[in-house]
Chemist: 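The structure's right below; bear with me while I get my questions together.
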Amino acid sequence: MRVLSGIQPTGRFHWGNYFGAIQQYIDLQNEEESYYFIANLHALTTIRDSDELKTLTLEAATDLLALGLQPEQATLFVQSDVPEVSELTWLLMTGTPMGLLERCHAYKEKKEKGVAADAGLFTYPVLMAADILAYDSNVVPVGQDQVQHIEVCRDIARSFNHHYGEVFVMPDAKVLEASAKVPGTDGEKMSKSYDNTIQIFEPLKPQRKQIMRIQTDSRPMEDSKDPETDHLYQLLSLFASNEEREEVAGIYRTGGFGYGDIKKRLADAAESYFSDARARREKLEQDPGFVQDVLSEGAKQARAKASEVLDRAQKATGLVR
Ligand code: ADP
Ligand code: TRP
């Protein structure tokens with residue numbers, strides 16, 4: 001069983017990325033053979049500054065290692081270090097119906113807003129399919145918003161296999177239902193695009209301030225409130241033990257509390273939850289050579305697998321090397 005996932009280096013990671021995706025990577029690394037990569041080719045559709053992309057790519061790798069990815073357990077690499085994936089993308093592109101890509105949300109949303117989309121954004125799901133298929137991946141841990149892209153990958157693989165024989169392995173998405181949609185500071189889905197994120201490694205003081213500014217409703221303190229529909233409670237639940245979650249749910253139902261107290265609890269809980277990761281990150285920052293070595297070793301392993309799969313696909317289509 002092989003697990004694979006990619007994450008774009010388009011900004012520093014936030015709680016939504018962690019609970020929706022990264023936490024699963026870390027949990028799965030001990031049980032399965034796993035490949036994780038920094039999707040810098042995908043990030044090219046939004047970042048056009050070379051220094052920024054380089055820095056964010058390295059930061060993303062450092063963050064993943066600090067959060068608990070272990071190079072002995074998981075293969076960590078940068079997407080563009082495996083050029084076989086780009087070659088495979090073209091093979092897949094020739095069999096991908098336009099209609100399939102027109103339905104994909106990233107492109108559709110841009111088009112609906114009247115924003116000009118480039119061909120990179122339009123064909124983004126094909127590159128993602130190549131990422132997945134190039135490593136014979138069985139399981140792809142992601143947040144809810146990526147499930148559509150994995151369906152597209154399955155459609156592309158099915159059609160390719162139909163034409164050329166059993167070349168690709170069918171992957172399945174793996175979504176953690178409990179944290180499939182982490183809310184942001186405004187109660188909407190936490191996302192860089194909505195400017196409502198709380199970054200994992202934000203220095204503690206500004207992070208605390210940000211938590212204290214999470215939007216809440218203006219109902220009187222004494223009112224009883226439903227915890228399940230409250231985004232502050234949902235955020236606290238991500239960090240809290242079962243007992244604390246029950247206790248706070250009780251406080252909501254009884255009423256007579258201030259949101260400020262819950263926010264303080266949230267800030268404390270987040271600080272202690274990520275304290276080991278923060279310490280590891282500080283150490284890694286002192287040793288950028290280590291991160292580079294991990295990525296080069298990862299790229300070597302990933303290329304070995306991807307070139308085997310590309311070879312299979314090339315032979316199947318009649319491209320003779
Ligand atoms: P963003 O929306 O901030 O640009 P990305 O699209 O780069 O984040 O997401 C990277 C990974 O994190 C994906 O697997 C995505 O599903 C997951 N993810 C992002 N935001 C959330 C969220 N609010 N809740 C759950 N998972 C999320
Ligand atoms: N598109 C994904 C995102 O925005 C990142 C990604 C690229 C990915 N290739 C992938 C995720 C392959 C899983 C598998 O989050």
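Because the structure is a prediction, the values reported are computed rather than measured. One-based numbering, in listed order, for ligands and for the atoms of each.
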Chemist: Give me the nearest non-hydrogen protein atom to atom 13 (C) of ligand 1 as residue plus atom name, then the distance to 0.1 Å.
Modeler: Gln146 CG, 4.0 Å
Chemist: Taking the minimum heavy-atom distance to atom 7 (O) of ligand 1, which of Met190, Lys192, Gln24 ranks first?
Modeler: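 Of the listed residues, Lys192 has the closest heavy atom.
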Chemist: Around ligand 2, what residues show up once you keep those with a heavy atom under 4.0 Å from it?
Modeler: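 If the criterion is a heavy atom under 4.0 Å, then ligand 2 touches Leu4, Ser5, Gly6, Gln8, Phe37, Ala39, His42, Tyr124, Met128, Asp131, Ile132, Val140, Val142, Gln146.
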Chemist: Below 3.5 Å, N or O to N or O, backbone or side chain included: is there any such pair between Gly143 and ligand 1?
Modeler: yes
Chemist: Drop me the distance from Arg281's CZ to Arg278's CZ, to the nearest 0.5 angstrom.
Modeler: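 Going from the CZ atom of Arg281 to the CZ atom of Arg278 covers 10.0 Å.
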Chemist: Kindly confirm or rule out an N or O of Thr10 lying under 3.5 angstrom from an N or O of ligand 1.
Modeler: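 Thr10 vs ligand 1: no N/O contact under 3.5 Å.
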Chemist: In terms of relative ring orientation, are Tyr25 and Tyr36 parallel, tilted or perpendicular, with 30° and 60° separating the classes?
Modeler: parallel
Chemist: Can the ring centroids of Phe77 and Tyr135 be said to lie less than 6.0 angstrom from one another?
Modeler: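 For Phe77 and Tyr135, the ring centres are under 6.0 Å apart.
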Chemist: Got the closest protein heavy atom to atom 24 (N) of ligand 1, with its distance?
Modeler: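 So the nearest neighbour among protein heavy atoms is Val182 N, 2.8 Å.
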Chemist: What protein heavy atom sits nearest atom 25 (C) of ligand 1, and how far off is it?
Modeler: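 Ranking protein heavy atoms by distance from atom 25 (C) of ligand 1, first comes Ala180 O, 3.1 Å.
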Chemist: Considering the heavy atoms of Ala21, write down every atom of ligand 1 situated less than 4.0 Å from one of them.
Modeler: 11 (C), 12 (O), 14 (O)
Chemist: Which residue is it: Arg2, Met1, Gln73? I am looking for the one with a side-chain contact (heavy atoms from CB on, under 4.5 Å) to Glu32.
Modeler: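 Exactly one candidate clears the test, Met1.
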Chemist: Tell me the nearest of Thr46, Asp145, Ile22, Val175 to atom 15 (C) of ligand 1, using heavy-atom distances.
Modeler: Asp145
Chemist: Would you call the rings of Phe239 and Phe274 parallel, tilted or perpendicular if under 30° counts as parallel and over 60° as perpendicular?
Modeler: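 Aromatic pair Phe239/Phe274 classed perpendicular.
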Chemist: For the residue pair Tyr252 and Tyr233, is the inter-centroid distance of their aromatic rings smaller than 6.0 Å?
Modeler: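 Centroid separation for Tyr252 and Tyr233: below 6.0 Å.
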Chemist: So is there a nitrogen or oxygen of Ser191 less than 3.5 Å from a nitrogen or oxygen in ligand 1?
Modeler: yes
Chemist: I need the Met93 CE to Leu88 CG distance, nearest 0.5 Å.
Modeler: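 Going from CE on Met93 over to CG on Leu88, the span is 10.5 Å.
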Chemist: Does Val142 reach ligand 1 with a nitrogen or oxygen that is under 3.5 Å from one of the ligand's nitrogen or oxygen atoms?
Modeler: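 For ligand 1, there is no N or O atom that lies under 3.5 Å from one belonging to Val142.
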Chemist: Any sub-3.5 Å donor-acceptor pair from Gln210's side-chain atoms to Thr197's backbone N or O?
Modeler: yes
Chemist: Taking Arg265 first and then Asp268, would you say they form a salt bridge - that is, a charged N and a carboxylate O separated by under 4.0 Å?
Modeler: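 The answer is no: the pair does not qualify as a salt bridge.
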Chemist: Flag this pair as yes if the NZ/CZ of Lys225 is under 6.0 angstrom from the six-membered ring centre of Tyr259 and inside a 45 degree cone about the axis; otherwise no.
Modeler: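 Because its charged atom sits under 6.0 Å from the ring centre and within 45° of the axis, Lys225 does stack over Tyr259.
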Chemist: Tell me whether the centres of the aromatic rings in Phe160 and Phe168 are closer together than 6.0 Å.
Modeler: yes
Chemist: Give the single entry among Gly16, Ala60, Gly20 that approaches atom 18 (N) of ligand 1 most closely by any heavy atom.
Modeler: Gly16
Chemist: Check whether Thr75 reaches the backbone of Tyr35 with its side chain - one donor and one acceptor, N or O, closer than 3.5 Å.
Modeler: no
Chemist: Polar-atom distance check: Asn17 versus ligand 1, any N or O pair below 3.5 Å?
Modeler: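 Yes - when backbone and side-chain N and O of Asn17 are compared with those of ligand 1, one distance drops under 3.5 Å.
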